[in-house]
Amino acid sequence: MEFKTDAIVLKSVDYKENDKLLTLFTPTRGKVTAGIKGVRKPKAKLNFASQPFCFAEYVLAEKNERYTVTSAYLYDGFFALRTDITRYYAACAVLEICNALLMEEERCDGMFIACVECLKSLSLSDDDSAECLLTFALRALRESGYPVDLDGCGVCGAEIADTPYFDFEFGFFTCKNCAQGERASQSNYELLKKCEGLTYEENKTEGGHKRALRLIKAYLTQKTEEEYPCFGEFLRLYE
């Protein structure tokens with residue numbers, strides 16, 4: 001049986017002499033492992049479809065619960081990412097997050113759309129790469145059942161005016177009176193509100209980018225027990 005699906009290549013590894021195994025992110029079936037034959041040969045027609053970041057319509061043949069790519073139609077390869085190492089690693093971090101949070105056979109339209117939008121922003125726009133990654137990460141966490149609550153104190157509900165704390169177990173910030181969790185900074189709290197599309201104070205976001213990235217990376221690691229090396233490399237490169 002064959003079927004068509006839009007998909008993004010999250011991971012590609014060599015298999016046998018000329019083949020590859022792909023980890024595909026599909027909107028309706030979640031994460032899918034599929035073989036693609038002959039793509040390591042010179043001038044292979046489907047070589048583009050085996051590259052990380054490839055966004056295409058794939059035709060998959062299913063047999064004995066295994067998938068094989070039989071053809072693909074390219075939408076976007078996000079090739080511009082390869083010309084800017086910082087934005088490249090931000091995009092790699094997006095793929096890492098998807099790979100860690102996705103389940104097989106689980107519909108995830110929202111995360112799929114957010115992933116495509118983030119890769120487009122990183123590839124085609126001048127938007128701040130840290131804010132692109134944070135916006136995606138917050139959406140992915142929410143879609144996966146690990147939302148970061150930025151709507152006031154998670155204990156008493158009061159507005160957080162200064163000295164926020166973050167509770168890694170429950171995923172919310174608290175005010176200094178409740179002080180539950182680890183101390184954070186006002187700049188990363190305000191920046192995360194910006195990335196979540198909430199009302200925020202622009203004058204308090206300065207210096208918050210790396211702090212917010214470290215917090216979200218630590219939260220992802222706690223929830224998934226993954227290390228996110230590309231996310232870490234982006235943190236090192238980002239200025």
Side-chain angles (χ1 to χ4, degrees), residues 1-82 87-124 132-133 135-137 139-146 220 224 226 228-231:
M1 181 184 74
E2 287 190 343
F3 66 94
K4 294 181 180 179
T5 180
D6 289 345
I8 296 170
V9 178
L10 299 181
K11 192 175 180 181
S12 176
V13 297
D14 293 345
Y15 180 66
K16 295 184 177 179
E17 186 175 352
N18 293 306
D19 305 341
K20 288 191 175 185
L21 284 178
L22 307 181
T23 302
L24 299 175
F25 177 5
T26 71
T28 57
R29 298 188 181 215
K31 191 163 55 173
V32 170
T33 300
I36 184 166
K37 297 181 178 180
V39 291
R40 295 168 62 198
K41 294 180 181 179
K43 300 181 180 180
K45 291 182 178 180
L46 287 179
N47 179 269
F48 73 90
S50 67
Q51 303 302 313
F53 307 120
C54 178
F55 173 35
E57 179 185 71
Y58 286 81
V59 178
L60 300 180
E62 183 179 3
K63 184 177 181 180
N64 298 326
E65 299 183 349
R66 294 185 178 182
Y67 300 98
T68 303
V69 176
T70 59
S71 64
Y73 174 79
L74 181 67
Y75 296 139
D76 200 332
F78 304 109
F79 300 110
L81 291 170
R82 294 160 177 82
R87 298 179 86 82
Y88 171 79
Y89 272 104
C92 289
V94 170
L95 301 191
E96 279 183 335
I97 292 167
C98 291
N99 197 33
L101 293 176
L102 285 169
M103 302 292 288
E104 294 184 5
E105 302 300 329
E106 184 174 298
R107 193 177 189 96
C108 46
D109 308 63
M111 196 193 304
F112 186 84
I113 292 169
C115 178
V116 172
E117 289 177 345
C118 185
L119 293 177
K120 283 183 177 179
S121 293
L122 288 168
S123 179
L124 303 174
C132 290
L133 177 55
T135 297
F136 169 74
R139 176 73 179 274
L141 284 163
R142 185 166 68 252
E143 294 283 342
S144 303
Y146 305 117
L220 279 162
T224 64
E226 299 287 343
Y228 302 94
C230 291
F231 198 138

Engineer: Distance-only, no hydrogens or angles: does the T70 side chain make a donor-acceptor pair with backbone N or O of V59 under 3.5 Å?
Structural biologist: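 Checking the backbone N and O of V59 against the side chain of T70, a donor-acceptor pair under 3.5 Å is found.
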Engineer: What pairs meet the side chain to side chain donor-acceptor pair (under 3.5 Å) rule with one or both residues in residues 39-50, with sequence neighbours excluded?
Structural biologist: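 For residues 39-50, and leaving out neighbouring residues, the side chain to side chain donor-acceptor pair (under 3.5 Å) pairs sorted by first residue read N47-Q51.
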Engineer: Just to verify, what does Y146 make a ring-ring contact (aromatic ring centres under 6.0 Å, His included) with, not counting sequence neighbours?
Structural biologist: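 Here no residue qualifies.
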Engineer: Sort and list the pairs that fulfil salt bridge (charged side-chain N to carboxylate O under 4.0 Å, His left out) and have at least one residue in residues 97-110, not counting sequence neighbours.
Structural biologist: R107-D109
Engineer: Measuring from T68:OG1 to L22:CG, what's the distance to the nearest 0.5 Å?
Structural biologist: 10.0 Å
Engineer: Got a sec, which residues hit side-chain contact (heavy atoms from CB on, under 4.5 Å) with K16, two or more places apart in sequence or on another chain?
Structural biologist: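 Counting only residues at least two positions away or on another chain, K16 forms a side-chain contact (heavy atoms from CB on, under 4.5 Å) with D19.
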Engineer: Do L10 and L24 touch side chain to side chain, with heavy atoms closer than 4.5 Å?
Structural biologist: no
Engineer: Taking all non-hydrogen atoms of both residues, which atom of G35 and which atom of L21 are closest, and how far apart?
Structural biologist: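 Between these two residues, the closest heavy atoms are CA-CD2, 3.9 Å.
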Engineer: Quick one: list whatever passes side chain to side chain donor-acceptor pair (under 3.5 Å) with K31, sequence neighbours left out.
Structural biologist: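 Applying side chain to side chain donor-acceptor pair (under 3.5 Å) to K31 gives N99.
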Engineer: Are the side chain of Y58 and the backbone of A49 linked by a donor-acceptor contact shorter than 3.5 Å?
Structural biologist: yes
Engineer: List for me each residue that meets side-chain contact (heavy atoms from CB on, under 4.5 Å) alongside C132, sequence neighbours excluded, and say none if there are none.
Structural biologist: C118, S121, L122, D127
Engineer: Mind checking the CG-CG spacing from L119 to L81? Nearest 0.5 Å is all I need.
Structural biologist: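 Here the rounded value is 6.5 Å.
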Engineer: Less than 4.0 angstrom from a charged side-chain N to a carboxylate O is my criterion; do E117 and R139 meet it?
Structural biologist: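 Salt bridge: no.
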Engineer: What is the minimum heavy-atom distance between L133 and A90, and which atoms define it?
Structural biologist: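 Smallest heavy-atom distance, with atoms named: CD1-O, 4.0 Å.
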Engineer: Check step by step if side chain to side chain contact (heavy atoms under 4.5 Å, CB included) holds for L102 and M111.
Structural biologist: CA-CA 9 Å; L102 285 169; M111 196 193 304; 3.9 Å; yes
Engineer: Looking at every non-hydrogen atom in both residues, tell me the closest pair between L101 and L141 and how far apart they are.
Structural biologist: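 In this case the closest contact between L101 and L141 is CD1-N, 4.2 Å.
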Engineer: Only counting residues at least two apart or in another chain, list the ones meeting side-chain contact (heavy atoms from CB on, under 4.5 Å) with R66.
Structural biologist: none
Engineer: Quick one: pull up OG1 in T26 and CG in L60 and give me the separation to the nearest 0.5 Å.
Structural biologist: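 The CG atom of L60 is 8.5 Å from OG1 of T26, to the nearest 0.5 Å.
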Engineer: With a cut-off of 6.0 Å (strictly less than), are more than 12 heavy atoms of other residues, nucleotides or ligands near CZ of F48?
Structural biologist: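 Atom CZ in F48 is crowded, with more than 12 foreign heavy atoms closer than 6.0 Å.
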Engineer: Do you know the tightest heavy-atom contact between A93 and C230?
Structural biologist: N-CB, 4.0 Å
Engineer: Which residues pass the ring-ring contact (aromatic ring centres under 6.0 Å, His included) test with F25, sequence neighbours left out?
Structural biologist: F112
Engineer: What I'd like to find out is whether the side chain of P27 reaches to under 4.5 Å of the side chain of T5, using heavy atoms alone.
Structural biologist: yes
Engineer: Using side chain to side chain contact (heavy atoms under 4.5 Å, CB included), reason through N18 and V39 one step at a time and then give a plain yes or no.
Structural biologist: CA-CA 6 Å; N18 293 306; V39 291; over 6 Å; no
Engineer: Within the 4.5 Å heavy-atom criterion, are D76 and V116 side-chain neighbours or not?
Structural biologist: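 No; the side chains remain at least 4.5 Å from each other.
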Engineer: Measure across L46 and A72 and return the closest heavy-atom pair with its distance rounded to 0.1 Å.
Structural biologist: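 Smallest heavy-atom distance, with atoms named: CD2-N, 3.8 Å.
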Engineer: Taking ring-ring contact (aromatic ring centres under 6.0 Å, His included) as the definition, give me every residue that meets it alongside F3, ordered by chain and number, with sequence neighbours left out.
Structural biologist: Y67
Engineer: Quick one: list whatever passes ring-ring contact (aromatic ring centres under 6.0 Å, His included) with F53, sequence neighbours left out.
Structural biologist: Y88
Engineer: Rounded to the nearest 0.5 Å, what's the gap from OG on S144 to CE on M103? Could you check?
Structural biologist: 10.0 Å
Engineer: Minimum heavy-atom separation for A100 to E226, with atom names?
Structural biologist: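 Minimum heavy-atom separation between A100 and E226: CB-CG, 3.9 Å.
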Engineer: Once you round to the nearest 0.5 Å, how far does SG of C92 lie from CZ of F231?
Structural biologist: 13.0 Å
Engineer: Just to verify, what does S12 make a side chain to side chain donor-acceptor pair (under 3.5 Å) with, not counting sequence neighbours?
Structural biologist: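 Listed in chain order: nothing, the list is empty.
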Engineer: Using the test side-chain contact (heavy atoms from CB on, under 4.5 Å), find all partners of Y75 that sit at least two apart in sequence or belong to another chain.
Structural biologist: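 Here the qualifying residues are D6, F55, E57, Y73.
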Engineer: Find out whether E96 and P229 are in side-chain contact, i.e. whether some heavy atom of one side chain is under 4.5 Å from a heavy atom of the other.
Structural biologist: yes
